[in-house]
Amino acid sequence: MKIATFNINGILARHDALLAWLEEAKPDVACLQETKKIDTEFPREAFERLGYRVELHGMKSFNGVAILSKLPLEDVTRRLPGDDADEHTRWIEATVMGRRPVRVTSLYLPNGNPAPGPKYDFKLAWMERMRLRVAELLKTEEPMVFCGDYNIIPQPEDAANPKNWLTDALFLPASRAAFQRILNLGMTEAFRARDPRPGQYTYWDYQRGAWDRNDGIRIDHHLLSPQAADLLLDAGIDKAVRGHEDASRGLKPSDHVPVWIELDA
DNA sequence: ATGGTAGCGGTGCTA
């Protein structure tokens, strides 16, 4: 079972590029972030024609997550528990019915800038809510994958220029500690487990020629429950997608690229 | 210290 995560930065702007990548990479499951559309306005037809079921949790203009799956989905759950006042659409879970069922979550963790401030407080509170939700789900002892845009640079080697991020919400010690607390539940960060080499990134800013200078960061991750880690076969980053520009067809890349894992499931 | 780019939606916010 190939499970990918891809922050597309707008489903309207990325519709054709997303379709092209799905046809090329052929993931069984694609977890999307920053769809930026309410569910009734999500253009699902072309993806369904490719054979994907489409489950959505979106809002107007901001945030928005989705799970696309060629395999049947059961028990779709939307929203991260723990704060009834939180209207952000950043969390959707579903059980993917492969050879073995796998619980898959597509998540969009708050950016948190500027820090300090209310947005940073919201980020840290959201991460504690996530820790509690993951701990609850771990009790089932089922294979589970929590993937998405974590907006967390876990280690200095996950940034081309870590000094530029020292005061940023993506790299502050409290952010990385909150991420580590989730890992400490017994989770495996799949890409690092498969490929610990430094200098591999999933995001390059649109500004200042970050892509041309390879000034990237690694912030899109798959966290695996112990039972899913036992099934991990491979992991990779589809870096080339960041350079796929075709003005004649109006194709512009997202600032993130797809990251994928292969499970024996 | 500043401003640089992109998406959505039709202004300014988010990143």
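As the structure is a computational prediction, the values presented were derived from the model and not from experiment. A, B, ... follow the sequence lines: proteins, then strands. Residue 1 opens every chain. No hydrogens, no waters, no symmetry mates; every other heavy atom, side chains included, goes into these values.
- The nearest whole Å value for the distance from the OH atom in Tyr206(A) to the C1' atom in dT5(B) is 9 Å.
- Between the NE2 atom of His256(A) and the C1' atom of dA6(B) there is a distance of 12 Å, rounded to whole Å.
- Salt-bridge annotation for Glu93(A) and Arg103(A): present, with a side-chain N of the basic residue lying under 4.0 Å from a carboxylate O of the acidic one.
- Rounded to the nearest Å, the gap between the P atom of dG3(B) and that of dG7(B) is 22 Å.
- Across all strands shown, Ile11(A) has heavy atoms under 4.0 Å from sugar-phosphate atoms exclusively, and none from any base.
- Using atom C1' as the reference point in both dA15(B) and dG4(B), the two lie 13 Å apart (nearest Å).
- Note: NZ (Lys252(A)) to C1' (dA6(B)) measures 7 Å, nearest angstrom.
- Residues His221(A) and Phe146(A) keep their aromatic ring centres 6.0 Å or farther apart.
- No donor-acceptor pair closer than 3.5 Å links the side chain of Arg131(A) to the backbone N or O of Ala178(A).
- At least one side-chain nitrogen or oxygen of Lys119(A) sits closer than 4.0 Å to the OP1 or OP2 atom of dT14(B).
- Listed by chain and number, the residues in a salt bridge (Lys or Arg N to Asp or Glu O under 4.0 Å) with Asp264(A) are Arg99(A) (sequence neighbours excluded).
- Here the separation of dA6(B) from dG10(B), taken at their C1' atoms, is 16 Å to the nearest Å.
- One can place CZ of Phe62(A) at 12 Å from C1' of dG10(B), the figure rounded to the nearest angstrom.
- Ile67(A) and Trp91(A) sit in two unconnected hydrophobic clusters of ILVMFWY residues. Membership requires side-chain heavy atoms under 4.5 Å apart, directly or through other members.
- Although no hydrogens or angles enter the test, the distance criterion places no donor-acceptor pair under 3.5 Å between the side chain of Tyr201(A) and the main chain of Lys239(A).
- The NZ atom of Lys36(A) sits 15 Å away from the P atom of dC13(B) (whole-angstrom rounding).
- Applying the side chain to side chain contact (heavy atoms under 4.5 Å, CB included) rule to Glu136(A) yields the partners Arg133(A), Lys139(A); only residues at least two apart in sequence or on another chain are considered.
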Show me, pair by pair, the donor-acceptor contacts under 3.5 angstrom made by side chains of residues 49-58 of chain A, not counting sequence neighbours?
from: Tyr52(A); atom 1: OH; to: Pro27(A); atom 2: O; distance (Å): 2.7
from: Arg53(A); atom 1: NH1; to: Lys70(A); atom 2: O; distance (Å): 2.8
from: Glu55(A); atom 1: OE1; to: Arg78(A); atom 2: NH2; distance (Å): 2.8

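- Closest-nucleotide positions on DNA chain B for Asp205(A) and Met59(A) were compared, and the one nearer the 5' end corresponds to Asp205(A).
- Across the protein-nucleic acid pair, Ile8(A) atom CD1 and dG7(B) atom C1' stand 11 Å apart, rounded to whole Å.
- At a non-hydrogen distance threshold of 4.0 Å, Gln207(A), Arg208(A) from residues 207-218 of chain A come into contact with DNA chain B.
- Using modelled atom types and a 3.5 Å distance limit, the side chains of Asp149(A) and Gln33(A) yield no donor-acceptor pair.
- Of the residues in residues 151-161 of chain A, not one places a heavy atom less than 4.0 Å from an atom of DNA chain B.
- Tyr108(A) comes within contact range of the sugar-phosphate backbone alone, with a heavy-atom separation under 4.0 Å but no base atom that close.
- Not a single salt bridge (Lys or Arg N to Asp or Glu O under 4.0 Å) links Asp168(A) to another residue, sequence neighbours left out.
- Between Pro253(A) and Asn113(A), the one whose closest nucleotide on DNA chain B sits nearer the 5' end is Pro253(A).
- One interatomic measurement links the two molecules: CG of Asp255(A) to P of dT5(B), which rounds to 14 Å at whole-angstrom precision.
- Remark: C1' of dG7(B) and OH of Tyr203(A) are 13 Å apart, rounded to the nearest angstrom.
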